[in-house]
Amino acid sequence: MYICLCQGVTDRDITDLLQQGGVGMRQLRQQLKVGSQCGRCTCTVRQMVNSFYQIA
Ligand code: FES
């Protein structure tokens, strides 16, 4: 499923990067460019990061 339509980034792309370890919002922004245009995906990406690291 596409999470960032502007950059064509899927939930799988994000999960794959998170599974490499030591990856947070900054790295996702730098490497996948999520949130770099309209910004609508930022909240969803942040929720994915928090969920991955089980941050409430
Ligand atoms: Fe991600 Fe627009 S949907 S920057």
Side-chain angles (χ1 to χ4, degrees):
M1 172 176 79
Y2 281 102
I3 301 296
C4 178
L5 290 174
C6 295
Q7 298 296 331
V9 177
T10 66
D11 54 344
R12 183 61 187 261
D13 296 328
I14 292 168
T15 302
D16 284 350
L17 202 53
L18 287 171
Q19 286 175 343
Q20 291 180 16
V23 174
M25 284 299 295
R26 183 183 301 174
Q27 289 79 15
L28 289 169
R29 276 201 195 100
Q30 287 173 345
Q31 295 189 37
L32 300 177
K33 309 226 180 309
V34 290
S36 63
Q37 288 189 25
C38 74
R40 276 186 221 151
C41 59
T42 304
C43 187
T44 304
V45 174
R46 185 166 285 122
Q47 285 173 352
M48 286 185 71
V49 172
N50 290 347
S51 170
F52 184 81
Y53 291 112
Q54 299 191 343
I55 299 168

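Every value quoted in this text rests on a predicted model; they were computed, and no experiment measured them. Below, each value reflects all heavy atoms present in this structure, side chains not excepted, and no hydrogens, waters or symmetry copies. One-based numbering, in listed order, for ligands and for the atoms of each.
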Worksheet entry | Partner of Leu32 by side-chain contact (heavy atoms from CB on, under 4.5 Å), out of Ile3, Leu17, Thr10 | Leu17
Worksheet item: In the single-linkage hydrophobic clustering (I, L, V, M, F, W, Y; side-chain heavy atoms under 4.5 Å), do Ile14 and Met1 co-cluster?
Response: yes
Practice prompt. To the nearest 0.5 angstrom, please state how far the SG atom of Cys6 sits from the NZ atom of Lys33.
Written response: 13.5 Å
Worksheet, complete the sentence: Gly39 heavy atoms within 4.0 Å reach ligand 1 at atoms 2 (Fe), 4 (S)
Worksheet item: Within less than 2.8 Å of atom 1 (Fe) of ligand 1, any N, O or S from Cys41?
Response: yes
Practice prompt. Say whether Leu5 and ligand 1 are in contact under the criterion: heavy-atom distance to a ligand atom below 4.0 Å.
Written response: yes
Worksheet item: Counting backbone and side-chain atoms alike, does Cys4 have an N/O/S atom under 2.8 Å from atom 2 (Fe) of ligand 1?
Response: no
Item to complete: Please round to the nearest 0.5 Å and tell me the distance separating atom SG of Cys38 and atom CD of Gln7.
Response: 9.5 Å
Discussion item. List ligand 1 atoms under 4.0 Å from Gly35, heavy atoms only on the residue side.
Written reply: 1 (Fe), 4 (S)
Practice prompt. Ignoring hydrogens and angles, tell me if any N or O in the side chain of Thr15 forms a donor-acceptor pair with the backbone of Arg12 under 3.5 Å.
Written response: no
Response to the item:
Note: ligand 1 atoms sitting under 4.0 Å from heavy atoms of Cys6 are 2 (Fe), 3 (S), 4 (S)
